[in-house]
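Order of listing sets the numbers, starting from 1, for every ligand and every atom in it.
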Amino acid sequence: MNIHEYQAKETLKKYGVAIQEGITADTPDQAVEAAKALTEQTGTQWWVVKAQIHAGGRGKGGGVKLAKSIDDVKEVSSQILGMQLVTPQTGPEGKKVHKVLIAQDVYYPGESEPAEFYMSVLLNRNTGRNMLMYSTEGGMDIEEVAEKTPHLIFKEEIDPKVGLQGFQARKVAFNLGLSGKAFKEMVKFVMALYKAYEETDSALFEINPVLKTSDDKIIAVDAKVNLDDNALYRHKDLANMRDINEEDPTEVEAGEANLNYVKLDGNVGCMVNGAGLAMATMDMIKLSGGEPANFLDVGGTANAQTVEAGFRIILKDPNVKAILINVFGGIVRCDRVAQGVVDAYKNIGNIDIPIIVRLQGTNAEEAAKLIQESGLKVTSAILLKDAAAKVKEALA
Ligand code: GDP
Ligand code: MN
């Protein structure tokens with residue numbers, strides 16, 4: 001689960017990570033109040049208005065703007081609130097902005113130049129260990145840094161037995177070219193950031209940029225956090241940060257029906273039990289000349305209701321030209337799934353696209369019979385290769 005920048009910053013602050021302070025607003029008037037309150041709290045003379053959506057690259061799309069007066073705050077917030085913000089990460093349709101964060105300006109002039117770094121904490125799946133990834137090249141697209149100047153990205157692995165050690169945090173500060181007060185602040189920043197990542201059971205903490213201010217403070221200016229869904233049950237406060245506005249509505253509906261659904265761009269809808277079989281089925285669809293329209297795992301306990309819910313969700317996608325149902329009857333009985341398909345077909349009505357059902361395993365024969373006798377435009381296949389051939393036929 002992803003959370004907003006302002007929520008990620010709140011979380012960081014709780015763990016002692018220094019942040020660019022801010023107050024959220026849902027209307028331009030609230031933005032003005034927020035800016036005034038922030039100046040009382042921090043003394044800031046300028047403010048940054050930041051769109052709160054679940055996507056990065058907001059600056060490039062016009063979703064992060066500096067305001068140099070209270071009038072500016074009002075003007076800029078009215079532009080950003082309600083806009084359809086398009087960034088390199090949102091897709092061409094963009095995302096609607098419902099909330100802005102009014103943040104203190106932290107790029108003020110002083111003794112030294114402000115400097116932007118990149119830092120993230122994530123799991124290195126190759127070694128099974130958490131790692132810190134960081135770079136002197138902050139503020140910009142890290143994928144581009146990785147491609148063009150990979151030697152400017154550093155990695156520090158953490159031993160799970162002892163956790164992040166002080167010498168490692170000092171190495172980070174050293175590699176970032178810091179000294180004096182900034183060095184000490186960076187060590188504190190890194191230790192606190194790692195603690196936040198670990199104790200929230202997160203999958204990713206990405207701070208881009210980490211800013212060294214002109215008076216040598218180290219603070220998080222941006223924050224992207226991805227929480228591990230499987231650990232949310234033990235973090236009620238974090239689970240409450242969910243913003244359904246930011247999620248694909250069909251995926252939300254699927255979640256409510258206990259279906260594991262991911263929307264894709266193809267033309268063959270598929271409904272499968274088990275994630276592994278679902279992946280194999282998607283490969284098979286491609287081999288028979290189609291493109292999967294979705295990933296849908298109905299789980300090990302598919303029944304008539306889940307099958308119907310899955311059908312309704314797949315049919316919402318206008319690109320779907322055929323549906324392939326591929327279910328292995330292990331615990332689940334094929335005839336029950338077949339009955340579910342027949343019922344769904346009748347209940348939903350007006351389904352005029354070909355449906356290919358492959359039911360293999362317990363009671364497969366009964367299932368095939370049920371489908372044949374239903375008189376519906378459903379084709380049944382027992383072998384995977386027959387199912388593939390029928391998908392091909394359906395698309396021709
Ligand atoms: P992103 O574009 O979604 O990654 O949003 P960020 O929070 O990273 O902000 C984008 C950019 O806005 C940063 O890289 C900074 O260059 C700029 N920015 C953020 N905060 C401030 C600020 O306090 N003052 C100024 N002048 N610029 C800022
Ligand atoms: Mn950023």
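With no hydrogens or angles considered, no side-chain donor-acceptor pair links Asn294 and Tyr261 at under 3.5 Å. Side-chain contact annotation: Asp215 with Tyr108, donor-acceptor N/O pair under 3.5 Å present. Side chains of Thr39 and Trp47: a donor on one and an acceptor on the other come within 3.5 Å. No side-chain donor-acceptor contact under 3.5 Å links Gln20 and Gln104. No side-chain N or O of Asp335 forms a donor-acceptor pair with one of Gln339 less than 3.5 Å apart. Checking Lys212 against Ser112 by side-chain atom types alone, a donor-acceptor pair falls below 3.5 Å.
Annotation for ligand 1: atoms under 4.0 Å from non-hydrogen atoms of Gly56 are 3 (O). Close contacts of ligand 1 with Asn208, meaning ligand atoms under 4.0 Å from a residue heavy atom, involve 8 (O).
Contact annotation for Asp105 and ligand 1: heavy atoms of both the backbone and the side chain come within less than 4.0 Å of the ligand. The residue Thr87 has no part lying near ligand 1, judged by heavy-atom distances below 4.0 Å. Residue-level proximity to ligand 1 for Val48 is carried by the side chain, the only part with a heavy atom below 4.0 angstrom.
Atoms CE and CD, on Met119 and Glu156 in that order, are 11.0 Å from each other to the nearest 0.5 Å. Separation of atoms CG (Asp216) and NZ (Lys184) is listed at 11.0 Å; rounding is to 0.5 Å.
Residue, atom and distance of the protein heavy atom nearest to atom 19 (C) of ligand 1 are Val221 CG1, 3.6 Å. Nearest protein heavy-atom contact of atom 8 (O) of ligand 1 is Asp222 OD2, 3.1 Å.
Some N or O of Arg58 is nearer than 3.5 Å to an N or O of ligand 1, by distance alone. At least one N or O atom of Gly59 sits closer than 3.5 Å to an N or O atom of ligand 1. For a threshold of 3.5 Å applied to N or O pairs, the pair formed by Gln20 and ligand 1 contains at least one separation below that value. Remark: ligand 1 and Gly57 share an N or O pair separated by less than 3.5 Å (distance only, no angle test). Residue Pro209 places no N or O, backbone or side chain, under 3.5 Å from any N or O of ligand 1.
Take the N/O/S atoms of Asp222: the one nearest the Mn ion (ligand 2) is OD2.
Taking 4.0 Å as the cut-off between side-chain N and carboxylate O, Lys74 and Asp29 count as a salt-bridged pair. A salt bridge is absent between Asp386 and Lys390; no separation between the charged side-chain nitrogens and carboxylate oxygens falls under 4.0 Å.
Of the candidates Lys50, Gln104, Glu116, it is Lys50 that places a heavy atom closest to atom 7 (O) of ligand 1. With distances taken over non-hydrogen atoms, the option nearest atom 21 (C) of ligand 1 out of Trp46, Tyr108, Tyr107 is Tyr107.
When distances from atom 11 (C) of ligand 1 to the protein are checked, no heavy atom turns up under 4.0 Å.
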